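Worksheet: one structure, shown below.
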Amino acid sequence: MRHCLLIIIFALSLPLHAEVEEFPAWYETTAALNVRADGSLSAPILTVLSQGAWVRVERLASPQWAMIKDSHGNIGYVSTDYITYVCPVDDTPEPVTSAETTKKKITLWGGIGTLLGWALKICLLLIVLLILRSIGEKTLAIISVIMYKLYWVACIPFYILNWLQRWASKPWRTLYKTNGGNDRKNAERRDMLDKAKIPLYIILTPLRLLNAVYYNLIVHCGFELYNYTVEIFVPSNDKEGADSSLLLILLMPWRAIKYVVWHGGLTLVESAVWTVVDTFVPALTLFHGTDAYCSVNITHAGRCGYRNDRTGIWNVGGGNYAGNGIYFAPVRSTALHYARCNSERALVVCRVSLGRVLDLGLAPWSVYRQCGRPNAFEATRWGLNNGYTTGEWWRGDAGWWEYCMYDWQNRYNHSWRIRPLYVLNLTDGVMQRIPGGMCHWLFRKMVIKDIIAYF
């Protein structure tokens with residue numbers, strides 16, 4: 001009777017009521033489990049099985065311990081409290097049993113899972129960036145329109161200050177709109193008025209500084225930052241992602257460094273230099289009317305991958321009624337008149353260091369009488385031969401003032417004297433994008449030579 005009770009108790013203690021004849025059988029661990037050298041807690045630990053690992057149980061050494069065997073025939077013992085019956089060995093192919101093999105399998109699948117996870121993350125990132133690019137393009141277009149509208153209002157105070165600097169530096173200009181024809185008196189007046197400009201130059205120094213800071217450091221740097229930012233999200237260079245979504249994404253950090261950091265830094269340095277120069281060498285903010293295509297050719301630096309023989313230079317146009325050169329207007333309405341002749345109208349706003357200005361109303365009669373006719377080359381020749389860089393002319397038939405920066409054989413088409421601040425696209429009503437940003441009008445050999453020659 002005593003032996004029968006022991007057999008019944010032993011059978012009830014088997015996990016999931018496994019029968020003796022079912023061994024060997026597959027069991028699954030329910031927790032991390034120590035494999036010992038013998039069925040005792042004091043026996044040495046051979047290895048540790050992870051939770052969920054399958055083990056082959058050969059037999060039950062006691063109600064508390066099961067003898068297991070790995071694929072190499074090594075014997076060990078595990079507690080029956082942490083294994084659960086699965087099926088007989090004959091019913092399934094042998095699974096991974098050793099801790100080492102199980103670890104390798106987990107590592108393999110973990111690596112594949114990691115790779116797939118990273119691939120999914122990259123795909124999602126590309127999709128998000130493409131969506132952001134589309135949103136960025138629309139946002140930048142809206143910003144361009146807003147900048148165009150707001151700037152017309154925001155610039156009014158400084159437009160007035162620029163006008164004040166111009167008129168205060170030569171308040172007698174309205175007295176000499178036309179030429180009286182007396183060369184001797186005109187020569188005396190030129191000498192006398194040149195001396196009168198000296199105290200005015202000293203008095204107007206703070207005003208020149210204020211205008212220089214605003215137009216060079218705030219306006220020019222602000223609009224150039226816009227051009228550089230657009231280049232990050234909407235590149236214009238094919239090699240930098242203009243026609244490739246992949247390059248657009250991959251080279252985005254490179255474009256940020258190239259345009260915003262590098263060229264943005266150069267623009268800031270250049271603008272600081274011009275601020276100092278404009279304070280001592282008088283410069284005015286003037287306007288040049290043209291078409292959108294020419295405005296981009298004049299101002300951009302060719303960083304977008306596209307260049308032609310007119311990239312980044314000023315070229316003398318037709319007419320030349322006050323001499324052969326580059327024409328600027330002190331007010332927008334005059335420049336807009338010239339822009340109306342073009343299908344895609346644009347307004348290039350520039351800082352112009354006029355240098356020594358010839359009042360054509362005080363010029364020799366032989367020079368003045370040529371003005372108002374096409375190709376007044378005598379005005380350019382006489383002006384340059386007598387140390388004048390620019391001619392100021394009152395166009396009586398139209399009722400406005402014009403400046404002609406004398407340019408013989410395109411002498412000043414690369415000049416530091418003409419620095420575009422920004423371009424307005426009058427047809428579309430937006431700030432004109434300059435692909436890759438504008439030329440650096442300081443870092444050129446000819447510019448350095450001109451500055452040395454000037455001083």
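The model shown is predicted, which means the values in this text are computed figures rather than measured ones. Residue indices begin at 1 and follow the sequence shown.
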Quiz item: With a 4.5 Å limit on heavy-atom distance, are the side chains of Pro435 and Arg303 in contact?
Solution: no
Quiz item: Regarding Asn186 and Asn179, is there a side-chain donor-to-acceptor distance under 3.5 Å anywhere?
Solution: yes
Practice problem: In plain terms, say whether Asp191 and Arg189 are close enough for a salt bridge, that is, a side-chain N and a carboxylate O under 4.0 Å apart. | Solution: no
Quiz item: Should Lys185 and Glu188 count as an ion pair when the cut-off is N to O under 4.0 Å?
Solution: no
Quiz item: Are the side chains of Leu225 and Thr229 in touch, meaning some heavy atoms are under 4.5 Å apart?
Solution: yes
Exercise. Verify the ring-centre separation between Phe158 and Tyr214: is it less than 6.0 angstrom?
Key: yes
Quiz item: Does the side chain of Glu224 come under 3.5 Å of the side chain of Asn227 through a donor N or O and an acceptor N or O?
Solution: yes
Quiz item: Which pairs count as salt bridge (Lys or Arg N to Asp or Glu O under 4.0 Å) when at least one residue sits in residues 359-374, sequence neighbours excluded?
Solution: Lys170-Asp359
Quiz item: So do Val219 and Tyr422 actually touch side chain to side chain, heavy atoms under 4.5 Å?
Solution: yes
Quiz item: So, Tyr321 side chain and Gln370 main chain: donor-acceptor pair closer than 3.5 Å or not?
Solution: no
Quiz item: Minimum heavy-atom separation for Cys371 to Trp393, with atom names?
Solution: CB-NE1, 3.8 Å
Quiz item: Using a distance-only test with no angle check, is there a side-chain donor-acceptor pair under 3.5 angstrom linking Gln51 and Thr30?
Solution: no
Quiz item: Is the shortest heavy-atom distance from the side chain of Val48 to the side chain of Leu33 under 4.5 Å?
Solution: no
Quiz item: Hey, would you say the Trp314 and His288 ring centroids sit under 6.0 Å apart?
Solution: yes
Quiz prompt | Thr285 vs Asn211 side-chain heavy atoms within contact, under 4.5 Å | solution = no
Quiz item: Quick check: does any side chain N or O of Asp428 sit under 3.5 Å from a backbone N or O of Val430, one acting as donor and the other as acceptor?
Solution: no
Quiz item: For the residue pair Ser353 and Ala283, what are the closest heavy atoms and their distance?
Solution: OG-CB, 3.8 Å
Practice problem: Please report the shortest heavy-atom distance between Cys404 and Gly323, naming the atom on each side. | Solution: SG-O, 3.6 Å
Practice problem: Please check if atom CH2 in Trp262 has more than 12 non-hydrogen atoms from other residues, nucleotides or ligands closer than 6.0 Å. | Solution: no
Quiz item: Any side-chain heavy atom of Leu286 within less than 4.5 Å of one from Pro330?
Solution: yes
Exercise. Scan residues 156-168 for pairs that pass salt bridge (Lys or Arg N to Asp or Glu O under 4.0 Å), counting only residues two or more places apart or in two chains.
Key: Arg166-Glu392
Exercise. Check step by step if ring-ring contact (aromatic ring centres under 6.0 Å, His included) holds for Trp274 and His220.
Key: CA-CA 11 Å; Trp274 288 129; His220 180 58; over 10 Å; no
Quiz item: CG of Leu347 to OG of Ser295: how many Å apart, nearest 0.5 Å?
Solution: 9.5 Å
Exercise. Specify the closest pair of heavy atoms between Leu217 and Cys221, including all atoms of both residues, with the distance to one decimal.
Key: O-CB, 3.1 Å
Practice problem: Considering non-hydrogen atoms only, spot the tightest contact between Gly437 and Tyr228 and give its length. | Solution: CA-CE2, 3.8 Å
Quiz item: When rounded to the nearest 0.5 angstrom, what is the spacing between OG1 in Thr290 and CG in Leu426?
Solution: 10.5 Å
Self-check item: Side-chain (Thr380) to main-chain (Asn324) donor-acceptor, under 3.5 angstrom
Solution: yes
Practice problem: Mind jotting down which residue pairs meet the salt bridge (Lys or Arg N to Asp or Glu O under 4.0 Å) criterion with at least one end in residues 266-285? Sequence neighbours excluded, please. | Solution: Asp278-Arg351, Asp278-Arg419
Quiz item: Nearest 0.5 Å, what's the CD1-CG distance between Ile313 and Asn297?
Solution: 8.5 Å
Quiz item: Measuring from Ile218:CD1 to Cys155:SG, what's the distance to the nearest 0.5 Å?
Solution: 13.0 Å
Quiz item: Does NZ or CZ of Arg173 come closer than 6.0 Å to the centre of the six-membered ring of Trp167, within 45° of the ring's axis?
Solution: yes
Quiz prompt | Side chain to side chain, Gln432 and Val296, heavy atoms closer than 4.5 Å | solution = yes
Exercise. Fit a plane to each ring of Tyr388 and Trp382, take the angle between them on a 0 to 90° scale, and name the class: parallel (under 30°), tilted (30 to 60°) or perpendicular (over 60°).
Key: parallel
Quiz item: Could Arg332 and Tyr159 be counted as a cation-pi pair, given that NZ or CZ must be under 6.0 Å from the ring centre and within 45° of the axis?
Solution: yes
Quiz item: Val35 versus Asp70: any side-chain heavy-atom pair under 4.5 Å?
Solution: no
Exercise. Can you measure from OG1 (Thr178) to CG (Leu175) and round to the nearest 0.5 angstrom?
Key: 10.5 Å
Quiz item: If you measure from OG1 on Thr390 to CG on Leu358, what distance do you get to the nearest 0.5 Å?
Solution: 9.5 Å
Practice problem: Check whether the side chains of Thr275 and Tyr215 place a donor and an acceptor atom closer than 3.5 Å, and report yes or no. | Solution: no
Quiz item: Which atoms form the tightest heavy-atom contact between Ala339 and Ala346, and what is the distance?
Solution: CB-O, 3.8 Å
Quiz prompt | Member of Tyr176, Trp401, Tyr368 meeting the ring-ring contact (aromatic ring centres under 6.0 Å, His included) criterion with Trp394 | solution = Trp401
Quiz item: Got more than 12 heavy atoms from elsewhere within 6.0 Å of NZ, Lys197?
Solution: yes
Quiz item: Any chance CH2 of Trp365 has more than 12 other-residue heavy atoms, nucleotides or ligands included, within less than 6.0 Å?
Solution: yes
Quiz item: Side chains of Glu402 and Tyr338: do they bring a donor and an acceptor to under 3.5 Å?
Solution: yes
